[in-house]
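Because the structure is predicted, anything quoted here is derived from the model rather than measured. Below, chains carry the letters A, B, ... as their sequence lines are ordered, and counting in each starts from 1.
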Protein chains: 2
Amino acid sequence: MSNDLSAEIAKQLRNAIVSGELIFDARLPSEAELAEQFGCSRSSVREALKRLAAQSLIRTQRGAFGGAFVRRLSYEEAYGEHVTTSTLLLSMNEVSFDVACEARFTLERACGALACFRRTPDHLATMRAEITRQGTPGLTDEAWCASDVAFHRALVDAAGNPVMSYQLAGAVEAMQPLMNMITFTARSRERILALHGAIAEALEARDATRVNQSLEDLAAYTTTLGHDVMAARDAKDQHD
Amino acid sequence: MSNDLSAEIAKQLRNAIVSGELIFDARLPSEAELAEQFGCSRSSVREALKRLAAQSLIRTQRGAFGGAFVRRLSYEEAYGEHVTTSTLLLSMNEVSFDVACEARFTLERACGALACFRRTPDHLATMRAEITRQGTPGLTDEAWCASDVAFHRALVDAAGNPVMSYQLAGAVEAMQPLMNMITFTARSRERILALHGAIAEALEARDATRVNQSLEDLAAYTTTLGHDVMAARDAKDQHD
DNA sequence: AGACCTTTAAATGTCTGACAATTAAAAAAT
DNA sequence: ATTTTTTAATTGTCAGACATTTAAAGGTCT
């Protein structure tokens with residue numbers, strides 16, 4: 001039906017994998033066999049297999065008794081894919097800062113409640129370490145943002161639900177590019193740092209209400225900063 | 001460094017796209033030019049391009065002035081990719097039903113609060129339509145589950161935040177395969193249906209507390225059903 | 001001049017055949 | 001029994017050819 005053979009072949013093989021017909025670690029027929037089955041050349045089969053490899057659906061192994069094998073999608077890989085897709089989505093679609101912020105903090109607050117029950121000393125230690133780093137003078141914007149992401153990731157992980165950590169990967173990590181615009185002044189960093197401290201303390205005390213409140217404050221402040229930056233940029237554009 | 005040329009080429013091109021060096025609708029060099037640039041054959045370049053195409057990063061166009069163009073990732077595509085990845089992740093990693101349920105309903109409750117402010121008559125109508133469908137006798141398990149997903153998707157969309165809808169895609173839609181195990185009896189459907197009604201009513205009344213409570217009830221009941229099914233299955237396994 | 005047809009060149013899509021590199025099993029040698 | 005060598009299967013890469021598609025350029029007719 002399609003005018004792209006390799007896409008069609010990839011689709012059929014993908015279906016076989018997703019439907020469970022080909023299970024984890026199952027070996028696909030060799031490229032030559034697939035070419036015969038589909039009545040096409042080896043090149044077309046290879047292009048199809050590369051498509052599947054790009055989606056982490058298969059791995060290939062050279063040599064005798066090698067071939068393409070169905071791959072188990074790990075949390076780490078799924079996490080990475082989710083972050084890449086989300087980053088791309090946000091960077092290519094002019095998403096409003098407000099909307100992205102709202103989504104991120106709404107979801108993060110949902111984690112906060114669970115995290116109060118489940119947080120371990122490990123999670124608290126990670127958060128405190130990032131807070132310390134954020135207090136060091138002369139931190140570059142990139143380093144600050146990376147640390148910010150690590151802090152929030154620790155908060156999400158503290159909820160102790162790997163599925164949720166995966167789901168929130170995009171919300172937390174893909175925000176980084178958007179956050180880069182708002183951390184210009186030392187004053188704004190100071191304020192954010194104080195709010196991070198409040199969150200960590202409330203989490204240590206397992207005080208869900210305070211965690212929630214601190215996250216709301218942080219959301220409000222972040223939104224304000226975003227607006228200020230946007231307004232300043234608009235003014236500059238007018239001036240130029 | 002890698003022993004896979006096409007993967008290496010794909011990586012470099014992907015970086016150029018993600019970093020913004022190649023912007024939306026930019027045309028990549030032709031396959032022949034890329035082959036020359038990378039000092040390899042056209043086949044290897046083609047395999048690399050297919051990898052990028054599989055990730056929706058480029059589209060190709062045949063003919064003169066055709067070629068590979070950077071593609072804008074739409075919400076719909078990102079949504080679809082997220083669902084596929086999540087489904088695969090859940091199906092391949094023996095995720096506990098409890099953990100998945102907790103993640104899903106925790107995130108959904110977070111939407112509930114926002115949805116009370118933003119829900120439109122359209123959202124309510126969609127939810128009521130699905131409730132009606134769920135009440136029709138003789139509904140297959142697949143149809144029931146699809147309708148269930150549509151209902152919850154409407155609830156998420158009612159929050160009026162497209163970024164959030166995208167983020168929750170995995171949580172809502174990838175649960176379908178897991179839900180398929182628990183909707184065996186008419187009695188359980190009836191109970192779920194009643195809870196759906198309660199959610200819709202509370203949302204219409206913009207009563208956040210009741211929405212939250214109803215979602216919690218639904219979560220609790222779903223978890224119970226899951227346990228029952230699991231226990232029954234274990235008992236059967238012992239017997240066989 | 002404008003509308004319609006034809007040609008052309010550039011590009012991707014596909015096929016064929018070849019060889020290199022890798023690898024595990026089988027066979028041979030010690 | 002252990003080590004080494006051979007072998008066969010399989011993926012990775014390349015070169016060259018041809019098919020197909022497509023938009024632009026050129027030509028023809030009114």
Task: Base D:dT20 paired with B:R62 side chain (donor-acceptor, <3.5 Å) - done: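 Yes.
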
Task: Side-chain (A:D148) to main-chain (A:W144) donor-acceptor, under 3.5 angstrom - done: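 Flag not set: sc A:D148 to bb A:W144 has no pair under 3.5 Å.
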
TODO: Output yes when a side-chain donor or acceptor of A:N161 lies under 3.5 Å from a complementary backbone atom of B:V99, and no otherwise.
DONE: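 Confirmed, A:N161 side chain pairs with B:V99 backbone.
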
Task: Nearest-nucleotide 5' precedence on DNA chain C, A:S6 against A:Q61 - done: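 First, find each residue's nearest nucleotide; the 5'-ward one identifies A:S6.
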
In this structure, how many angstroms lie between the [atom2] atom of [N] and the [atom1] atom of [X], rounded?
X: B:D4; N: D:dT10; atom1: CG; atom2: C1'; value: 14 Å
X: B:L34; N: C:dA11; atom1: CG; atom2: P; value: 11 Å
X: A:I58; N: D:dT10; atom1: CD1; atom2: P; value: 15 Å
X: A:E33; N: D:dA8; atom1: CD; atom2: C1'; value: 14 Å
X: B:L5; N: C:dA21; atom1: CG; atom2: P; value: 13 Å

Does a donor on one side chain sit under 3.5 Å from an acceptor on the other, for [X] and [Y]?
X: B:S86; Y: A:Y166; answer: yes
X: A:S44; Y: A:E47; answer: no
X: A:S30; Y: A:E33; answer: yes
X: B:R118; Y: B:H123; answer: no

TODO: Classify the angle between the aromatic ring planes of A:H196 and A:F151 as parallel (below 30°), tilted (30 to 60°) or perpendicular (above 60°).
DONE: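 Rings of A:H196 and A:F151: parallel, as their planes differ by under 30°.
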
Throw together a table of side-chain donor-acceptor distances under 3.5 angstrom for residues 167-179 of chain A, partners on residues two or more places apart or in other chains.
unit_1: A:Q167; atom_1: OE1; unit_2: B:H82; atom_2: NE2; d: 3.2
unit_1: A:E173; atom_1: OE2; unit_2: A:Y79; atom_2: OH; d: 2.8
unit_1: A:E173; atom_1: OE2; unit_2: A:R153; atom_2: NH1; d: 3.2

Open item on the list: Need to verify one output field. Residue with the more 5' nearest nucleotide on DNA chain D, B:A64 or A:P29?
Closed with: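 In this pair, the answer is A:P29.
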
Open item on the list: So B:R59, base contact, sugar-phosphate only, or nothing? Heavy-atom distance under 4.0 Å.
Closed with: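 No contact.
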
Open item on the list: The side chain of B:F65 is closest to which nucleotide in this list: D:dA24, D:dT10, C:dA11?
Closed with: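 It is D:dA24.
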
Task: Divergence of helical axes at both termini of the helix from C:dA1-D:dT30 to C:dT30-D:dA1 - five pairs an end, 10° steps - done: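 That helix gives 10° between its end axes.
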
TODO: Check whether more than 12 heavy atoms from other residues, nucleotides or ligands sit under 6.0 Å from atom CD of A:Q37, and answer yes or no.
DONE: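 For A:Q37, atom CD is crowded (more than 12 foreign heavy atoms under 6.0 Å).
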
TODO: Strictly below 4.0 Å, heavy-atom distances to any atom of DNA chain D: list the hits from residues 40-50 of chain A, or just say none.
DONE: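 Those residues are A:R42, A:R46, A:K50.
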
